[in-house]
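Starting from 1, each residue takes its place in the sequence as its number.
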Amino acid sequence: MAVVTRSAEKLTVDEVCDELQIARSTFYDWRQKGCGPRCIRLPNGSLRIRRNDFENWLLDCEAPS
C-alpha cells in the first residue's frame, strides 16, 4: 500500500502574494482564470495553499531555456 506524504505547511493567500510580490487582486484573478496554484478552501471560507502544490506550480510556470 502506497502512502502519500504531503507537506504539513499551508500558506495563506497573503503569504503567497508576499512571496510572489503580487497584489491579492492578481492572485484572485489568476484563480478565476484557472491558472493560479491549487488551493484548499477551509470550512470558514478562507483559502490555504500547500507548500508542495505552490512549489510545483512555480516549476510549471518556468519558461523553457
Side-chain angles (χ1 to χ4, degrees):
M1 174 175 12
V3 176
V4 177
T5 58
R6 295 184 187 260
S7 170
E9 184 179 10
K10 313 273 187 307
L11 304 169
T12 65
V13 171
D14 287 336
E15 289 170 332
V16 169
C17 291
D18 287 346
E19 191 163 329
L20 296 174
Q21 298 181 354
I22 60 168
R24 284 177 63 93
S25 60
T26 300
F27 177 86
Y28 285 111
D29 184 49
W30 290 349
R31 253 183 75 72
Q32 184 178 16
K33 293 176 180 174
C35 61
R38 188 171 159 193
C39 297
I40 303 164
R41 183 170 301 280
L42 300 178
N44 67 0
S46 64
L47 297 175
R48 294 293 182 274
I49 300 91
R50 287 185 185 98
R51 171 58 74 178
N52 287 344
D53 289 339
F54 178 64
E55 295 295 335
N56 289 334
W57 175 80
L58 282 176
L59 288 173
D60 290 343
C61 290
E62 286 184 7
S65 45

TODO: Scan for ring-ring contact (aromatic ring centres under 6.0 Å, His included) pairs involving residues 15-50, sequence neighbours excluded, and state none if there are none.
DONE: W30-W57

Open item on the list: Using only atom types and a distance under 3.5 Å, with no angle test, would you say the side chain of N56 pairs donor to acceptor with the backbone of N52?
Closed with: yes

Task: Taking every non-hydrogen atom, the tightest pair across C17 and R24 - done: SG-CA, 3.8 Å

Open item on the list: Looking at every heavy atom in both R38 and I49, which two are closest together, and how far apart are they?
Closed with: O-CG2, 3.6 Å

Open item on the list: Within this structure, what is the SG-CG distance for the pair C39 and L11, rounded to the nearest 0.5 Å?
Closed with: 10.0 Å

Task: Salt-bridge present (E15, R51; N to O < 4.0 Å) - done: no

TODO: Check side chain to side chain contact (heavy atoms under 4.5 Å, CB included) between L42 and all other residues, then give those that pass, not counting sequence neighbours.
DONE: I40, N44, S46, R48

